[in-house]
Amino acid sequence: VVLDTRYAYPAYGLPSADRARDPAVQIQGQLAAWKEMIEAARLLPDREKLEAVNRFFNRALLFANDIDNWGREEHWATPMEFMERGRGDCEDFAIAKYVSLRMLGLGSDRLRLMYVHANVGGAKPIAHMVLGFFEQPEAEPLLLDNVIDSVRPASMRDDLSVVYSFNTRGLWVGDGRQAAADPNKRLSRWRGMLQRMRGEGMLAWSPSLAVRQSLFRNTAFKETVVQR
């Protein structure tokens with residue numbers, strides 16, 4: 001198994017850092033565009049929120065591996081860091097979508113970051129991360145992926161096999177239905193990313209407060225909300 005989350009999925013034609021930017025979303029406007037997307041999606045049905053968030057990040061930001069972007073093998077960026085760089089790898093896309101959907105009122109019990117092995121064109125499996133949305137705890141998840149603009153049920157992604165998934169409340173092994181561990185203790189990169197989010201002012205997220213307070217002070221996306 002190739003454990004390389006920096007892989008750029010050539011079989012899907014994933015945009016790389018040398019792709020021309022969407023002219024509607026330039027680097028200096030990333031944070032403003034994020035705010036506009038969040039505000040526009042606030043009253044949409046859940047499925048349309050998923051589509052809006054997935055489409056925004058897939059089209060507005062570029063893929064870049066962590067070595068090129070951060071000078072290290074692995075770095076899980078906060079959404080602020082991701083926006084400021086304008087590029088990131090699969091974990092950065094998945095985390096930014098997770099945070100955005102929490103801000104839009106979706107509970108953590110319905111969202112999981114999913115570390116998967118992707119089978120691409122007969123090559124060795126590739127480590128990858130997507131975001132899963134669960135309508136109900138036992139439901140088939142809908143997957144948000146940085147290599148595909150459409151949100152698809154897991155049954156339509158037979159190229160992916162789940163290794164583990166997690167959110168702020170638990171960590172699940174495979175497609176297990178019972179949380180096996182505390183992700184804040186087991187996943188140091190996740191823990192470090194959350195700590196940096198707190199340092200940025202994004203302490204947590206709450207549907208009643210998220211994005212309604214302290215939006216974009218001096219172009220910084222800052223939140224003061226209470227952990228649920």
Side-chain angles (χ1 to χ4, degrees), residues 5-9 11-15 22 25 30 33-34 36-38 40-42 44-64 76-79 81-83 86-120 126-137 139-172 175 183 187 190 193 197 205 207 210-211:
T5 53
R6 299 167 291 133
Y7 193 84
Y9 269 59
Y12 289 120
L14 179 69
D22 182 335
V25 189
Q30 295 288 6
W34 188 20
E36 290 171 8
M37 183 274 293
I38 292 288
R42 185 174 304 286
L44 294 177
D46 288 348
R47 178 61 186 260
E48 293 181 31
K49 288 178 180 177
L50 302 181
E51 298 281 0
V53 167
N54 197 54
R55 184 169 55 248
F56 172 79
F57 285 102
N58 287 6
R59 296 183 180 181
L61 290 102
L62 306 177
F63 180 89
W76 290 14
T78 70
E81 292 170 344
F82 187 26
M83 289 289 176
R87 61 193 64 192
D89 65 4
C90 58
E91 295 98 344
D92 304 332
F93 280 90
I95 289 167
K97 293 172 187 180
Y98 176 89
V99 171
S100 296
L101 289 167
R102 291 299 314 279
M103 290 176 170
L104 286 169
L106 277 65
S108 63
D109 57 329
R110 304 173 74 191
L111 297 167
R112 293 187 200 174
L113 294 143
M114 307 179 78
Y115 177 82
V116 300
H117 286 165
N119 296 297
V120 182
I126 297 161
H128 186 46
M129 187 174 285
V130 299
L131 178 64
F133 168 77
F134 295 76
E135 183 66 41
Q136 300 294 334
E140 175 186 17
L142 297 172
L143 302 184
L144 289 70
D145 192 339
N146 64 299
V147 301
I148 296 176
D149 281 348
S150 61
V151 175
R152 300 182 184 181
S155 59
M156 292 181 64
R157 295 299 308 276
D158 57 6
D159 57 317
L160 304 180
S161 58
V162 180
V163 180
Y164 65 84
S165 60
F166 63 98
N167 55 29
T168 54
R169 297 186 176 187
L171 184 151
W172 293 260
D175 56 3
L187 300 174
W190 174 245
M193 190 279 301
M197 277 185 63
W205 31 76
V211 192

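The figures that follow rest on heavy atoms only: side chains count, while hydrogens, waters and symmetry mates do not. When a residue number appears, it is its place in the shown sequence, counting from 1.
Taking the six-membered ring where the residue is Trp, Trp76 and Trp190 present perpendicular rings, their angle passing 60° and hence far from 30°. Below 30°, between 30° and 60°, or above 60°: for His117 and Tyr115 the angle between ring planes is above 60°, a perpendicular geometry.
For the atom pair Trp172 CH2 and Tyr164 OH, the distance stands at 13.5 Å (nearest 0.5 Å). Rounding to the nearest 0.5 angstrom, the gap separating the CZ atom in Arg112 from the CG atom in Leu171 is 9.5 Å. Taken from CG in Leu160 to CE in Met129, the straight-line distance is 12.5 Å, to the nearest 0.5 Å. Note that CZ of Arg87 and CG of Leu61 are 9.5 Å apart. Values are rounded to the nearest 0.5 Å. To the nearest 0.5 Å, atoms CD (Gln136) and CG (Asp109) are separated by 9.5 Å.
In this structure, the side chains of Asp145 and His128 come closer than 4.5 Å at one or more pairs of heavy atoms. Residues Arg157 and Ile148 are in side-chain contact: their nearest non-hydrogen atoms beyond the backbone lie under 4.5 Å apart. Contact check for Asn167 versus Leu111: no side-chain heavy atoms found under the 4.5 Å cut-off. Between Asn54 and Phe133, every side-chain heavy-atom pair lies at or beyond the 4.5 Å cut-off. A heavy-atom distance below 4.5 Å is found between the side chains of Phe63 and Asp89. Side-chain contact check for Leu101 versus Leu131: some heavy-atom pair is nearer than 4.5 Å. Ile95 has its side chain out of reach of Thr78: every pair of non-hydrogen atoms, C-beta onward, lies at least 4.5 Å apart. The shortest side-chain heavy-atom distance between Leu143 and Met156 does not fall under the 4.5 Å cut-off.
The ring-ring contact (aromatic ring centres under 6.0 Å, His included) search around Phe93 returns Phe82, not counting sequence neighbours. Listed by chain and number, the residues in a side-chain contact (heavy atoms from CB on, under 4.5 Å) with Arg55 are Glu51, Ala52, Arg59 (sequence neighbours excluded). Shown here are the salt bridge (charged side-chain N to carboxylate O under 4.0 Å, His left out) partners of Glu135, two or more places apart in sequence or in another chain: Arg110.
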Stepwise side-chain contact (heavy atoms from CB on, under 4.5 Å) test for Ser100 and Phe57: CA-CA 10 Å; Ser100 296; Phe57 285 102; 3.4 Å; yes
Trace of the side-chain contact (heavy atoms from CB on, under 4.5 Å) decision for Phe134 with Leu106: CA-CA 10 Å; Phe134 295 76; Leu106 277 65; over 6 Å; no
Verdict with reasoning, Met197 to Val99, per side-chain contact (heavy atoms from CB on, under 4.5 Å): CA-CA 10 Å; Met197 277 185 63; Val99 171; 4.1 Å; yes
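Taking every heavy atom of both residues into account, Glu140 and Pro153 meet most closely at OE2-CB, 3.6 Å. Residues Ser108 and Arg169 share a closest heavy-atom pair of OG-NE, 2.9 Å. Considering all non-hydrogen atoms of both residues, Met114 and Gly132 come closest at SD-CA, 3.6 Å. Pairing each heavy atom of Arg42 with each of Met103, the nearest pair is NH1-O, 4.0 Å.
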